[in-house]
Amino acid sequence: SVTWTVWPNGTAASINVVGVFTPGTLSGNGTVNATAGPTTNSSAFYILPGPVDQVMITPNNASYTAGDPTQAYSAVLLDQYGNVNWTETVTWSVWNDTAASSIDAAGTFTPNTVAGNGTVNVTAGAVNNYTNFYVLPDTVVEIIIAPNNASYTAGALNTAYTTILYDTYGNVNWTESVTWSVWQNGTASSISVSGIFTPGTVSGNGTVNATAGAASNYTNYSITNSND
C-alpha cells in the first residue's frame, strides 16, 4: 500500500489517504510524497495566484507642485485570497481634469505645469482602480493689484483692494496669503489686513503694497481735497 503525505510549505495544500490532492489557497510550492514500504518518492507542485481581484496603487492621493519632477507609481495585484499576482500585465493611464499630466507604460508620472487635478488609472486583466492626484500652483512670482492707480477725495469711503497671484507658469496661486501695507506719504491713509483701504483726509499720493511669499508689488493712489 501507498502512504501519501504533503509538504505544503505554507500553501495549506493537503492530500488524503487515497491520493486526492487539494490545492491550498496560498500561492507557493511544495511536494507530494508517496511511501511504499522502505521506498519514498516525491513530486513538486506549484500553486500560482488566481486572477486579479484587487489592485492597490502607490502613491495614493498624491499632491504635486506644478513642474515637479517625475514620480514612479507602482501597483500590487492581489487575487481573491490575498496572494500577490506577479503574472498579470498592468496598463497605466491618466485622466486629467485640467492638469494635463501624463504617465508612461512603466508607471512614471509626469506632473504638468498646469495646476488642477485628475486620476492615475491602472488596469490588470478585468480589474481596474484609480487614485487621485493634485497639481498645486508653484511659488508666487507675480501679483496683480486692483484697483490700479486709484484716485480718491479726502475722507472718501473705504475701498476693498484685491490681488491675483500667479506662479511662474501662469497658474493662479490660491494658497499663498497676502500681506497689505501702505506708504501714505503724509496722506494719513491706511489699509487693513484684509485689504480694506481707508483714504486719509490729507491730499497727496502714496502706494498700496501687497506681498505674497517672496513676491511683492504696489499700485499708486492719489487723494485730492474736495475743493481742489
Side-chain angles (χ1 to χ4, degrees), residues 59-73 93-104 108-121 130-228:
N60 185 38
N61 294 334
S63 293
Y64 304 95
T65 298
D68 268 357
T70 58
Q71 166 76 56
Y73 275 70
S93 64
V94 159
W95 173 77
N96 291 285
D97 182 4
T98 56
S101 300
S102 61
I103 196 166
D104 67 15
T108 302
F109 176 77
T110 303
N112 208 296
T113 56
V114 180
N117 57 72
T119 60
V120 171
N121 313 298
Y130 70 90
T131 181
N132 297 304
F133 70 86
Y134 309 90
V135 179
L136 303 177
D138 201 0
T139 305
V140 176
V141 297
E142 183 182 7
I143 302 175
I144 304 298
I145 305 174
N148 185 38
N149 296 332
S151 297
Y152 303 97
T153 301
L157 297 176
N158 294 345
T159 296
Y161 275 69
T162 60
T163 60
I164 301 176
L165 313 179
Y166 291 101
D167 70 8
T168 190
Y169 304 107
N171 298 301
V172 175
N173 185 312
W174 64 88
T175 64
E176 192 71 63
S177 60
V178 174
T179 301
W180 294 98
S181 64
V182 158
W183 176 63
Q184 56 172 301
N185 195 23
T187 63
S189 301
S190 63
I191 196 166
S192 72
V193 294
S194 59
I196 304 301
F197 178 76
T198 303
T201 57
V202 181
S203 62
N205 55 68
T207 61
V208 171
N209 314 297
T211 301
S216 62
N217 199 7
Y218 71 90
T219 182
N220 297 303
Y221 70 87
S222 61
I223 298 177
T224 58
N225 289 323
S226 58
N227 296 325
D228 290 348

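For the numbers below, each heavy atom of this structure counts, side chains included, while hydrogens, waters and symmetry mates do not. Numbers for residues simply follow the sequence, beginning at 1. In this text, all values refer to a predicted model and were calculated from it rather than measured experimentally.
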Handout entry: S93 vs N121 side-chain heavy atoms within contact, under 4.5 Å
Key = yes

Exercise for the section: For the residue pair N185 and T187, confirm or rule out a side-chain donor-acceptor distance under 3.5 Å. Expected result: no

Problem - Spatial distance of atom OG1 (T139) from atom CG (D167) [nearest 0.5 Å] - result: 8.0 Å

Practice task
Check the pair N112, Y169 against side-chain contact (heavy atoms from CB on, under 4.5 Å), reporting the backbone distance first and the verdict last.
Solution key: CA-CA 10 Å; N112 208 296; Y169 304 107; over 6 Å; no

Exercise for the section: Give a yes-or-no answer on whether the side chains of D138 and T65 include a donor-acceptor pair shorter than 3.5 Å. Expected result: no

Handout entry: W174 side chain reached by L136 side chain, heavy atoms, under 4.5 Å
Key = yes

Exercise for the section: Mark yes when over 12 heavy atoms from residues, nucleotides or ligands other than Y130 sit less than 6.0 Å from its OH; otherwise mark no. Expected result: no

Exercise for the section: Go through the steps to decide whether I164 and V172 satisfy the test side-chain contact (heavy atoms from CB on, under 4.5 Å), and finish with yes or no. Expected result: CA-CA 7 Å; I164 301 176; V172 175; 4.2 Å; yes

Exercise for the section: May I ask you to decide if the ring planes of Y161 and Y152 are parallel, tilted or perpendicular, using 30° and 60° as cut-offs? Expected result: tilted

Handout entry: Contact check, side chains of V178 and L165, non-hydrogen atoms, under 4.5 Å
Key = yes

Handout entry: Check against side-chain contact (heavy atoms from CB on, under 4.5 Å), D68 and F109
Key = CA-CA 10 Å; D68 268 357; F109 176 77; over 6 Å; no

Exercise for the section: Taking the side chain as every heavy atom from C-beta outward, state whether S102 and T110 have any atom pair closer than 4.5 Å. Expected result: yes

Problem - side-chain hydrogen bond (donor to acceptor under 3.5 Å, both in side chains) partner of T219, chosen from N148, N209, T207 - result: N148

Practice task
Show your reasoning for whether side chain to side chain donor-acceptor pair (under 3.5 Å) applies to T179 and T211.
Solution key: CA-CA 5 Å; T179 301; T211 301; over 6 Å; no

Exercise for the section: Could you give me the CA-CA distance, side-chain angles and deciding distance for Y218 and W183, then say whether side-chain contact (heavy atoms from CB on, under 4.5 Å) is met? Expected result: CA-CA 10 Å; Y218 71 90; W183 176 63; over 6 Å; no

